[in-house]
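Please read all numbers here as calculations on a predicted model, not as lab measurements. Proteins come first, then strands; the chains are lettered A, B, ... in the order of their sequence lines, and each starts at number 1.
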Number of protein chains: 2
Amino acid sequence: MSGMRGSPSKPLTASTVLETAKAHVRRFGEAKTNVVDVARAMGVSHAALYRFYPSRSAIMDAIVEEAMNDEARLAAEHVETDGPAAEKLAALLLDLHRRKRERFLGDREIHDLYRRIVVERPDMIAAYSERITSLVARLIDKAVSKGEWKVDDTGVAAGVVRDAATTYVHPAFVAQLVTAGAPVETMLRATVSTLARAFEAGVRYKSPAADGQTRQLRARGRAAATQSARASAKQE
Amino acid sequence: MSGMRGSPSKPLTASTVLETAKAHVRRFGEAKTNVVDVARAMGVSHAALYRFYPSRSAIMDAIVEEAMNDEARLAAEHVETDGPAAEKLAALLLDLHRRKRERFLGDREIHDLYRRIVVERPDMIAAYSERITSLVARLIDKAVSKGEWKVDDTGVAAGVVRDAATTYVHPAFVAQLVTAGAPVETMLRATVSTLARAFEAGVRYKSPAADGQTRQLRARGRAAATQSARASAKQE
DNA sequence: CAAATTACAATCTATGAAATCTGTAACTTC
DNA sequence: GAAGTTACAGATTTCATAGATTGTAATTTG
């Protein structure tokens, strides 16, 4: 009378709960996924799930967090690859875009859940965004080290890339662009070409006043420069 | 028993209906603005308003359209100004951003209405977006003519600018950024610096294969080049 | 007869009671 | 006693219906 369906295939862990919940969201959508049904599918009572997740919404958050981790891992792979920075950046952003597009087209219910989280959980989005942005910062850092790109402040540069690419990566925009049949990949490539051209030609974000220091910062570690940029960017 | 409040101050035209409706939306929000109340405020029966607008939602659309026209006029002013293209572009986008921010902070109900339209009326947004993008294209065109910027295809370049600036101009993002206290203007300036640097250094969007033709297009009219870019951008 | 009103059908929204779902705590089992 | 169940209070959602709003057409008015 313990696990009719759950015990052999589903050992009842945080991860199996997550998988079962995800399967239900896929089939019935977020609104019609309740903890009682998820628990029943695992052959346990709904209260048992609260051992692993403090609330239903924590489960939903976890589903989206998993997707975000996937994307961050994907982005990290591109950063650690060798090759021209412009191509790495284009590949990174295109891959990120394709993930969202695939979710929108082939996994609509998960996409919808993701979209809700984007609207309702600015904290989660901010964390995700910072994660991706710092990966982009590292990509730029490396290009600067190699002398491929000339950028004053990789933190600011990464922010520019993030903002310019948001249109192609934000779930709501992806949905809109794909629905409208826009030539997204061509447009994204044009954006990356433009950014890369600027970085290649050299961009200066810091005020020309602190010029002597800029040289030093360029020569030394990138982390410090990035740090100062982030710090100085919290006012207004 | 005809016009108690309306007749003298409000001659009952499309424009006075619009103003009255807008005032009601400002005070009570879109949801609590009904045509009966708007008509009563003008001293007429609600059916009289249908002479000017075919439906309640047409009135709401018109309120947003008016705001959009305002923004387009503002943008057009910057395009027709003389001066360095980078500064014109920065001023244009900063002004556009500030309009949205002011609406968000000082005219919240209108901002909310605008936001709903952005979500529910992709057609209106597409028209607005094309309008602004073509103004940006003209700005770029002029810079190219003066030899200030070197761009292959001003239509594509304008699209890149539009996508990069969307984060700063889209009502939902403006709300988010302002709420989070982000250093928006600094970030927007960094984005514009980057784009300007690229255009200054020269960007090529067309495939290097059709190189001989590219030269010709550069020398001749911009409209044709822009046109071809738009046309070739409708597939994928 | 142009402009507006009144009257009304169709649609949409607000309301509240019934049902469902979430989250917790006391209880059971291995 | 760790893992899980049952039982239950409080919150949330559903559903039916009353009420309000929209849009139109016939009618009145200057």
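In this structure, the nucleotide among dT5(D), dT5(C), dG4(D) sitting nearest to the side chain of Ala48(B) is dT5(C).
Atom OH in Tyr50(B) sits roughly 20 Å away from atom C1' in dA2(C) (whole-Å rounding). Atom NE2 in His46(A) sits roughly 9 Å away from atom P in dG23(C) (whole-Å rounding). Residue Asp37(A) contributes atom CG, which lies 7 Å from atom P of dC21(C) at whole-angstrom precision. Between the CG atom of Leu49(B) and the P atom of dA3(C) there is a distance of 15 Å, rounded to whole Å.
Remark on DNA chain D: of its neighbouring residues Ala47(A) and Ala31(A), the 5'-side contact belongs to Ala47(A), judged by nearest-heavy-atom nucleotide.
With a 6.0 Å cutoff to the six-membered ring centre and a 45° limit on the axis angle, Arg26(B) does not count as a cation-pi contact of Phe28(B). Geometrically, Arg108(A) engages Phe104(A) in a cation-pi contact, judged by NZ or CZ lying under 6.0 Å from the ring centre and within 45° of the ring axis.
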_Could you go through Glu130(A) and Arg162(A), starting from their C-alpha distance and side-chain angles, then the distance that decides it, and tell me whether this counts as salt bridge (Lys or Arg N to Asp or Glu O under 4.0 Å)?_
CA-CA 9 Å; Glu130(A) 270 176 40; Arg162(A) 181 236 299 128; over 6 Å; no
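A heavy atom closer than 4.0 Å to some atom of DNA chain D occurs in Arg51(A), these being the qualifying members of residues 51-66 of chain A.
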For nucleotides 15-20 of chain D, 5' to 3', base contacts (B), sugar-phosphate-only contacts (S) and non-contacts (-) with protein non-hydrogen atoms under 4.0 Å give ------
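Taking the six-membered ring where the residue is Trp, Phe173(A) and His170(B) present perpendicular rings, their angle passing 60° and hence far from 30°.
Looking at His78(A) and Asp95(A), their side chains do bring a donor and an acceptor atom within 3.5 Å of each other.
Here Met187(B) contributes atom CE and Thr167(B) contributes atom OG1; the two are 7.5 Å apart, rounded to the nearest 0.5 Å. With rounding to the nearest 0.5 Å, the separation of CD1 in Ile117(A) from CE in Met68(A) is 7.5 Å.
Salt-bridge check for Lys22(B) with Glu19(B): passed, with a basic side-chain N closer than 4.0 Å to an acidic carboxylate O.
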